[in-house]
Amino acid sequence: MSVSGSNSRALPWALVTPALAWTLAFFVLPFIAMGLSGLTAHEGGGLTLANYSQFFTDPSYWRAMVNSLEVTAIVTVISILLAYPFAWILAEQVPERWQRLALMLAVLPFWTSYVVRSYSWLLVLAQNGVINRALTGLGLIAEPLQLANTRFATVTGFVHFFVMLLTLTIFANLKQLSPSYRKAAADLGAGPVRTFLHVVLPLTLPGIMVGAFLTFVLCIGDYITPQILGGNNELVMPQLVMMQIGRRGDFPLASALSIILMAVVTVAYLACARWLKIERA
Amino acid sequence: MTANARNPLSTLKSHLGAACAAAALLVAAGGAEAADLNALIWCDHSDPALLQPFEEANNVKVNVKEFEGTGAGLAIVEQSQPGDWDVMVIDSIDVPRGVEKGLFEPLPEDKLPFADLFAEVKMDKSTIVDGKRYGITEKFGYNTIGFNKTKVDPADMQSLASLTGDKYKGKIAIYDYYLPVIGMAALAIGKKTADLTEADLPALKAELLKMKANAKLVGEVTASQTALATGEVDILVGGGEWVTAGLAKENPALDFSIPKEGAVLWSQSLAMFKDSKNKDMALKFIRYIMSPEGQARLATSSCYWGMPANTKAALTDEQKKTLRFDEQPGFLARAQAYPAPNADLDKKMQDMWTEMLQAQ
């Protein structure tokens, strides 16, 4: 074995070691700790599956997962429906020289604090908020609508955030699309609608899927938005996890619930990865 | 050796937990020096108006870490090194939890103004364990009915029955903390908060569900306070002076009542850590907080107001009026203890609360 050969093998390891150490320290070890914690009894220690059985047997716990999935699905679909045309306009209709500025303006809300943004929505949707005042002022409604402290408010807060995220991924995908595809479709007699449905949309699906997956992951794990905007009128999984910690300090149950939530995210990731692999094949 | 220490799973978990907490500990300890005082506190203690006079008088820096909920606070302690913390603010009813874990140092009664405290808030049942006092009540108040007196009939607020009637449906918020609100539900059905057992849970659940059916939201401190202040709701179940007093200047219409069925008394205590490396300074801090000046500053903290435990608190007449200081003997006579369930009942109560939150 030559010295240079040994060095050439060592160098890649040396380069990835910091990243591996980081992952080990801040993901693998905490994950193992959380996994073990979830199998431990809160009172007295010892191995138990009680924390998991609590989730599967208590309808109010199970309901939290259903709520999380419902809210996440609604947010993801609405965000895609709003983000796609927005990204399309940015990529196709806005002149090239204005695109950078337009994109920056589009993501401007990212620059404000997530918590402040949620509280701002609360004030907009409140009984005495902008929307209700406008609607009553115009005589369209006699009594203020219940907008704040509802699932509608939670979804609104989420969509505001995730439309920006999806716009970025879809915009990037649209910009990578060669104009030749559309020209070829037109040469073959396809109109604009047919070209979009059969050429552009399928080719931008990877961008949609990546954005949708990011939306799914961030939305299903978010605690702040449902807590501030939802009014605790229904619980989602992250709220249920936090509840276990506050007074009782029941970290084993909180860990088990977090592992279950991670399992759902993993399934979503595998589905997304499989789909993307099939698409590439 | 404890049963936990013999359990390999617990041992591994403990080691991993310690490894994972290492970075957080470095951050927490980073700003602290040997002469500093490290305090685990609730938000009312982070007010510079409260801390600065003590820091300047004693030439010490008070490093504070806020937490919410005893479980979260005790978890921070468990993941720290012995001696990292000097004092802790804790729910008075939870002082025994800290003592059980061997965390607290008995307090020298002769050096603290116990004789000046409102007798009803000394909370001897919780703060004295095996004949030794481990906590001193510093602030208290009521979980009762907070309301906007220009929007509701104050006479209605004299009965808990108004919370479940039709008159104020959709105008109510519920404070999101299960123990005090379950205590209020107990009062509403004629049960003593100190005598609650598992057998009472079905009746309590029925009462909570009736409250939820009338409520627009169930919110933590900021959300419920905002809802009452902005007119989103007119009544806050579980509210009290801690919500209304701090907002009195901007919104004098906010008030609270102690209904005929009674109210739930909350109280927070100060405890000193057994492993503190700064016990003299920790005691000085506790003495400062319990002094008339410290009590006035704590009572009117920018985070939330509350009644000072010391009857000699140096409050202005206006502050006393806002806190309804002179009415306290009557209020205390009608208030009942915070529910203090054992671990098993506590879990069942929290699950009942979860069920209430999920109810549509």
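Computed over heavy atoms, backbone and side chain alike; hydrogens, waters and symmetry mates excluded. To find a chain, count down the sequence lines: A is the first, B the second, and so on, and within it residues start at 1.
Of the listed residues (A/R63, A/M243, A/E234), the one with the most heavy-atom contacts under 4.5 Å to chain B is A/M243. For the set B/E78, B/Q350, B/E68, B/K212, the count of heavy-atom pairs under 4.5 angstrom toward chain A peaks at B/Q350. Note on B/Q360, B/E220, B/E355, B/K347: by heavy-atom pairs under 4.5 Å with chain A, the leading option is B/K347. Counting heavy-atom pairs under 4.5 Å between each of A/S60, A/G35, A/A126 and chain B puts A/S60 at the top. Ranked by non-hydrogen atom pairs under 4.5 Å with chain A, the options B/G69, B/A75, B/G219 are led by B/G69.
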### Task
Let me see the working for B/D94 and A/R247 under side chain to side chain contact (heavy atoms under 4.5 Å, CB included), right down to the final yes or no.
CA-CA 10 Å; B/D94 288 331; A/R247 175 184 150 68; 2.6 Å; yes
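Ion pair B/E207/B/K210 flagged as a salt bridge, since at least one NZ, NE, NH1 or NH2 atom sits closer than 4.0 Å to an Asp/Glu carboxylate oxygen.
The aromatic rings of B/Y304 and B/W266 lie perpendicular to each other, with more than 60° between the two planes, well past the 30° mark. The aromatic rings of B/Y177 and B/Y175 sit perpendicular to each other, their planes meeting at more than 60°, with 30° as the lower class boundary. Taking the six-membered ring where tryptophan is involved, the planes of A/F55 and A/W62 are perpendicular, since the angle between them exceeds 60° and thus also 30°.
Summarising the local packing, OH of A/Y269 is surrounded by 12 or fewer heavy atoms from other residues, nucleotides or ligands at distances under 6.0 Å.
Here CZ of A/F251 is found 9.5 Å from CG of B/L74. Values are rounded to the nearest 0.5 Å. Separating the CD1 atom in B/I93 from the OG atom in B/S269 is a distance of 10.5 Å, to the nearest 0.5 Å.
Neither the backbone nor the side chain of A/Q239 comes within contact range of chain B; no heavy atom of the residue lies under 4.5 Å from a heavy atom of that chain. Contacts between A/E43 and chain B at a heavy-atom distance below 4.5 Å involve the side chain alone, from C-beta outward. Heavy atoms of B/D176 lying under 4.5 Å from chain A belong exclusively to its side chain. Neither the backbone nor the side chain of B/I174 comes within less than 4.5 Å of any heavy atom in chain A. Proximity to chain A is absent for every atom of B/F67, based on heavy atoms less than 4.5 angstrom apart. Contacts between B/A359 and chain A at a heavy-atom distance below 4.5 Å involve the backbone alone (N, CA, C, O). A/I228 does not touch chain B: none of its heavy atoms, backbone or side chain, sits under 4.5 Å away.
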